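In this text, all values refer to a predicted model and were calculated from it rather than measured experimentally.
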Amino acid sequence: MANLLLFITRSFFKLCSFSLLILFLISCSSFPSTEAYDPLDPNGNITIKWDIMSWTSDGYVAVVTIYNFQQYRHIQAPGWKLGWTWAKKEVIWSMMGGETTEQGDCSRFKGNIPHCCNKHPTVVDLLPGTPYNQQIANCCKGGVLNSWAQDPATAASSFQLSVGQSGTTNKTVRVPVNFTLKAPGPGYTCGPAKIVKPSRFVTPDGRRETQAMMTWNVACTYSQFLAQEAPSCCVSFSSFCNDTIVPCSKCACGCQNTSQPGSCVESKASHIAPFVNSYTPLVRCTSHMCPVRVHWHIKLNYKEYWRVKITITNFNYNMNYTQWNLVVQHPNFDNLTQSFSFNYKSITPYTAINDTAMLWGIKFYNDMLLEAGPLGNVQSELLFRKDKATFTFEEGWAFPRRIYFNGDNCVMPTPNVYPGLPNASSHQLTSALGLLVTLLAAMALLFGHA
């Protein structure tokens, strides 16, 4: 009997070990793909379309267009950088609307020197104000691309290049490999180029349709874990009926490095480094050390409505956040009545559920979130209508499920520290309290006479 129990025990542990190994291998193999998946924007990506428009004596002329199909994640200054590796010994003779960061070794050429001889070229957008004879359509924005939901008209960027020493037919040309996209730092992973049906173009008069000689597409997806070592924003909560303010979690975006002076700036510092629109943040010294904080305050509670105030504060001395946006997931967004000083658009990745909203600033009013300082914040109020069938103040339902700032998931407080809330309106609470006091007074009077 003892031997039988020993055999069963050993078999059980072997089975558990094998199962754990299988689960570990599955999780490891699926890790890269799941990290780039965004549940609020499942189809969002940046697509690079490469259209060969004409053939030349030793190559072709192509127009490359970068489309930002992400709903709320945009590319800020200093803009995108697109790189690839040539399949053969191609060179770039000339460019319009963009330029390579390096020319490379062109010493083998005599007379006509190519624009770039690098095997691994990196292209950047030209700046606004570029002479017209160097421009093409959708170029020269400094590499800045807005998100598709926020402004689709400015969500694309193009450049033209003349490629030499390549194939001159559909059968002899070879697509580039190892595409990379920085926007402006890491975070995007690009797949291989896929040859697709040639793009079609309609002439301005609408009477004729032309098409590219050859077209291939490259899809790039974003991962916040690849983009930065620590989160870039955090969330704090408060409520009108509770004196407790739930702050951002301690060290939400990293802890203060006391051994490295200058890693953060004291709020009362007499001298702040001059503003340089740098990708690397220089943040104010706080307990959370986040460049951006989003505060959700439950301001008022009526019988049929409730009101929220949202404040976004910039703690980064190195960044003006232009064209910022906020994505909030909350079950009551299907009954949003009014947004007072932010633009609003419903985002429904799953059409049956309308619980996600995109908020952004009004142009020329609050569409720029200034660097840390007295003016480094924007705020608005939201008015919601209550729906008893789908919404209640109980169990923290008045607070959002998740918040994104500029496409990055912000660190939320843990649910056990949420401020307490009433389940009914403040007017109803006042009436109930008055009724209770009246009832106690009547009972005291009755028993006093008895």
Side-chain angles (χ1 to χ4, degrees), residues 36-47 67-76 145-156 221-222 224 233 235 237 292 294-302 304-312 321-369 378-393 396-410 412:
Y37 175 74
D38 187 346
L40 300 185
D41 190 14
N43 300 315
N45 68 66
I46 289 183
T47 297
Y67 294 98
N68 185 10
F69 289 129
Q70 298 173 114
Q71 291 293 308
Y72 43 79
R73 185 174 294 108
H74 56 261
I75 297 177
Q76 302 180 101
L145 287 179
N146 283 325
S147 61
W148 192 257
Q150 194 166 352
D151 190 1
T154 58
T221 55
Y222 178 82
Q224 185 175 344
C233 56
V235 180
F237 291 147
V292 172
V294 181
H295 186 72
W296 178 280
H297 173 67
I298 302 174
K299 187 173 182 180
L300 292 169
N301 183 28
Y302 308 107
E304 296 183 0
Y305 296 89
W306 62 292
R307 196 178 182 108
V308 169
K309 182 178 181 180
I310 298 178
T311 303
I312 309 171
Y321 293 95
T322 58
Q323 296 291 331
W324 61 267
N325 65 63
L326 200 69
V327 173
V328 184
Q329 187 180 34
H330 190 284
N332 207 202
F333 267 117
D334 57 348
N335 286 307
L336 179 66
T337 302
Q338 187 175 0
S339 173
F340 289 92
S341 58
F342 287 169
N343 289 310
Y344 159 79
K345 182 175 182 178
S346 175
I347 295 179
T348 52
Y350 313 100
T351 53
I353 305 174
N354 180 18
D355 65 349
T356 306
M358 177 176 168
L359 306 168
W360 70 96
I362 299 171
K363 197 170 185 179
F364 305 124
Y365 174 57
N366 59 358
D367 60 333
M368 179 179 289
L369 178 57
V378 291
Q379 50 192 309
S380 179
E381 294 188 6
L382 306 176
L383 185 65
F384 295 93
R385 182 176 59 85
K386 294 180 179 179
D387 184 353
K388 294 181 180 179
T390 59
F391 175 75
T392 174
F393 261 10
W397 271 51
F399 299 104
R401 300 292 179 270
R402 70 179 82 192
I403 290 181
Y404 288 7
F405 177 80
N406 278 359
D408 283 341
N409 201 354
C410 300
M412 303 285 289

Ring pair (Phe, Tyr, Trp, His ring centres under 6.0 Å) between W296 and H330, worked out: CA-CA 12 Å; W296 178 280; H330 190 284; 5.8 Å; yes

Under 3.5 Å donor-acceptor, N68 side chain and N146 backbone: yes

Worked verdict on L383 versus F340 for side-chain contact (heavy atoms from CB on, under 4.5 Å): CA-CA 8 Å; L383 185 65; F340 289 92; 4.1 Å; yes

Aromatic plane relationship, W306 with F384 - under 30° parallel, 30 to 60° tilted, over 60° perpendicular: parallel

W360 backbone acceptor or donor facing Q150 side chain under 3.5 Å: no

Side-chain ion pair, D355 and R401, N-O less than 4.0 Å: no

H295 backbone acceptor or donor facing K309 side chain under 3.5 Å: no

Donor-acceptor pair, side chain of T356 and main chain of V327, under 3.5 angstrom: no

Main-chain N/O of A398 paired with N332 side-chain donor or acceptor, under 3.5 Å: no

Side-chain donor-acceptor contact under 3.5 Å, N335 with Y305: no

Atom of V235, atom of C410 and distance for their closest heavy-atom approach: CG2-CB, 3.8 Å

Straight-line distance of S346 OG to M358 CE, nearest 0.5 Å: 12.0 Å

CA sep, side-chain torsions, deciding dist, call: D151, Q323, side-chain contact (heavy atoms from CB on, under 4.5 Å): CA-CA 10 Å; D151 190 1; Q323 296 291 331; 5.6 Å; no

Minimum-distance pair of heavy atoms, taken over all atoms of M368 and T322: CE-CG2, 3.3 Å

Distance in Å, Y302 OH paired with K386 NZ, rounded so as to fall on 0.5 Å steps: 10.5 Å

Euclidean distance, T221 OG1 relative to Q70 CD, rounded to 0.5 Å: 9.0 Å

Worked check of side-chain contact (heavy atoms from CB on, under 4.5 Å) between R402 and L40: CA-CA 10 Å; R402 70 179 82 192; L40 300 185; 3.7 Å; yes

Residue that, paired with L359, satisfies side-chain contact (heavy atoms from CB on, under 4.5 Å) out of V378, I403, L382: L382

Shortest non-hydrogen contact from Q379 toward S341: O-OG, 3.0 Å

Distance (rounded to the nearest 0.5 Å) between Y72 OH and H74 NE2: 13.0 Å

Interatomic distance, Y222 atom OH to N45 atom CG [nearest 0.5 angstrom]: 15.0 Å

Side chains of D41 and Y404, donor plus acceptor under 3.5 Å: no

Heavy-atom donor-acceptor pair, S147 side chain to R73 backbone, under 3.5 Å: no

Residues I75, I46; criterion side-chain contact (heavy atoms from CB on, under 4.5 Å); working and verdict: CA-CA 10 Å; I75 297 177; I46 289 183; 3.7 Å; yes

Distance, nearest 0.5 Å, that separates CG of D334 from CG of N354: 5.5 Å

Aromatic ring pairing F342/W324, orientation class (parallel under 30°, perpendicular over 60°, tilted between): perpendicular

